[in-house]
Amino acid sequence: MSKLICTAAIRGAHKIVKQAEEKLREAIDSKGKGAKVEFPDTGYYLPIIYSATALKVKTLEDCEEALGYARALLPPIPEEKIYLPYLGCALDAGIATLYAEEIIEACKYLIGPNPVEGIWLGASTDVILRERGIEFVDGTAPGFAAVVGAAPTNEIAVQIARELQEKNLYVFISANTNGKSFAEQLDEEGVQLGWETRLIPFGKSITSTIYSLGFANKAALSFGGIAPADFTKNLIYNKNRIFAFVMALGEVDDEKYANAAAAINYGFPTIADTDIPAILPTGVCTYEHVVPLIPHDKIVEKCIEVRGLKVAVAKVDIPVSYGAAFEGERIRKDDMQIEIGGPGTPAFEYVVMRDNSEIEDGKIEVIGPDIDEMEQGPGKPLGVYIEVSGRKMQDEFESIFERRTHHFLGEAQGFFHMGQRDIIRHRISKDAYNKGFRLHHIGKIIHSKYHEEYGALLDKVQVTLYTIKEDVEKKLDEVKAAFAVRDERALGMTDASVNIFYSCTLCQSFAPSHVCIISPERSGLCGAVSWLDGKAGYEITPTGPNQPIEKGKLIDEKLGLWEGTNEFLYQSSNKEFDQVSMYSMVTHPMTSCGCFECISAMLPMTNGIMTVDRDFTGMTPCGMKFSTLAGTVGGGIQTPGFVGHSKFYMSSSKFISGDGGLARQVWMPKQLKDEIGDAISEAAEEAGLEDFLSKIADETIAQTEEEVLEYMQKVNHPALAMEPMF
Ligand code: SF4
Ligand code: ZN
């Protein structure tokens, strides 16, 4: 059976390589060999070529070299009659196809047609890779589906997309069938496309399939710390850790065969709705390689089975779809039935711990009118009053549950959740309303998700929803007082006030030697795990990624070195590292995986440091963009002079306190300054630094290290008078 697909794949590869030759010639003719080519905002060049060969394609001339590699891989087209017993040559043809396609797409960025157009997004930036990569790490996204072609009807397309979304999969969309693409079908039906909803339209041509596979390669480089040119390792990493598959909809031509063959190299099987030759015996993929003729109502299930994916899907009993992909769905004014909260409208979400005897599990009460008794429109008051109890419950966890409620509710299709505590603003869509969604479903979601995620801590969950303005206001007094007490308590918590820190090793699935050590004053570098989260995580799953770490004997107070933390790191980094300073980025800094919100780097000339967050894509004074820095720092290693960390950590009194603390801060992007400036000012004041925020340069003030230094001299920056960092 496999000879047909091999022949077709090789034929397809030849066609695409030829296409690349033509496109490249066209580009060189119009721009010259020296013209620069790049995908936007990435430190990985053309990621597949870079992963496979370490060649950094920066110019059209480099493209010529890369195309040479593609040609070298191309097997001759076998005669129709000859039987090819092995997949091998088709696999090579697949890789040649990918090189050629990357060159074609790169040329498109240079001479057009621009891959970013209309609904099409083109290459994913490194910002997106990091943001989304963490979801592959922590399992919120079990994998991705590369959908190629188009469904026979728009309805079927929508049905397949919804099913994939409900399984929390990312859907990478490319190519077309007879001029129609799956993404266009969804768009025509008003389905919201984009990274927020996990439906990503890369491009309409088959060559844009490289954006899916390139994403996988980049994940391996970035999170797996796999070196460029170690392509075998990269592919094995993908086979073992990135659960992806190709769903081929509609006719499969030679070019699509070539891409399917390429995907097999990654361990990604192809499942098709048409009658294409099957490749059943296993070898590269976990199970079958190519499975044809699957009916549309079974195809998602089949894909998941063939790829060997384990998808745990929450069963939430509500009349709308439910899953993480729906969290990013916006609801426009015209589409909303009601808006809850917002300026001038009292509303809140509040979790409080009770005794087991005080509440009734599953009791959900709406006090006041429900949506069908409300006028359509904004300004609806709502109090979501959640009472929980359980033998292992602690009042410290109330805030964690509250924060998570944002995700739990947002994941209902047609429910747009914004804010938390007493500043909330939610929208419920007309569509959800028409499907029967009512306020008591909010209680249902909370009840079932709390049990699902926090079952180890909770026995009972009871939800009361207040919709009468006076009731909400009355309850708000109680709720605000409780928030004040809680904030007070959190403020009092310092590293010195506890004997136990918590680990997070969640990212080891991607960066095997990485360990976040989380203290009250230093959260995990992704910004998503605080000390309290670590504590709750441990209570929920005692054998999970959050383990208590007894600090043990103090070795160096200034650097934040303890015997207990060192020993823990040694054991859990697979004996890669034996020392970690909690408070230094110079001496044994903490390891960095790839999820850091920010990276700090020394600027030797200034005697200080710069910090850049992942939303800033411009050049920084250290001569590297965030993406390049991330490549240097990430992968689970310690890099003296550099460290990845959360935004929160910057306003902590323990922020690189072993190296001189906040006073070292000399540059950060303006946007980040605006975002966390207040917290930094407060921390600076506490550290005795006057008018400090204005002394930190940003890209509007200084772009090079020299310019930063100049500015520092002008404003008399305190770092100038500090002792050398090293
Ligand atoms: Fe990964 Fe650290 Fe965040 Fe845990 S705390 S998810 S290990 S970055
Ligand atoms: Zn990570």
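As the structure lists them, so they are numbered: ligands from 1, and atoms in each ligand from 1. Values reported hereafter were calculated over all heavy atoms of this structure, with side chains retained and with hydrogens, waters and symmetry mates removed.
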Which residues pass the side-chain hydrogen bond (donor to acceptor under 3.5 Å, both in side chains) test with Glu567, sequence neighbours left out? Gln571

Identify, by atom number and element, the atoms of ligand 1 in contact range of Gly524, meaning under 4.0 Å from any of its heavy atoms. 5 (S)

Glu686 CD: over 12 foreign heavy atoms closer than 6.0 Å: no

Which class fits the ring pair Tyr454 and Tyr450: parallel under 30°, tilted 30 to 60°, perpendicular over 60°? perpendicular

For Leu525, atoms of ligand 1 separated by under 4.0 Å from a heavy atom: 8 (S)

Measuring to atom 3 (Fe) of ligand 1, does Cys526 have an N/O/S atom at a distance below 2.8 Å? yes

From Cys516, does some N, O or S atom reach closer than 2.8 Å to atom 2 (Fe) of ligand 1? yes

How about Phe483: does its CZ atom have over 12 heavy atoms from other parts shown lying under 6.0 Å from it? yes

Plane angle bin for Trp195 and Phe202 - parallel if under 30°, tilted between 30 and 60°, otherwise perpendicular: perpendicular

Judged by non-hydrogen atoms, does Ala528 sit under 4.0 Å from ligand 1? no

Distance check below 2.8 Å: does Cys595 bring an N, O or S atom to atom 1 (Fe) of ligand 1? no

Number the atoms of ligand 1 from 1 as they appear, then name those within less than 4.0 Å of a heavy atom of Cys507, with their elements. 1 (Fe), 6 (S), 7 (S), 8 (S)

Per-atom contacts, ligand 1 versus Cys593 - under 4.0 Å to a heavy atom: 8 (S)

Distance under 4.0 Å to a non-hydrogen atom of Val529: what atoms of ligand 1 satisfy this? 5 (S)

Under 4.5 Å between any side-chain heavy atoms of Met650 and Met668, yes or no? yes

Could you tell me which residues satisfy ring pair (Phe, Tyr, Trp, His ring centres under 6.0 Å) with Phe655, sequence neighbours excluded, listed by chain and number? His645, Tyr649

What atoms in ligand 1 come closer than 4.0 Å to a heavy atom of His514? 2 (Fe), 7 (S)

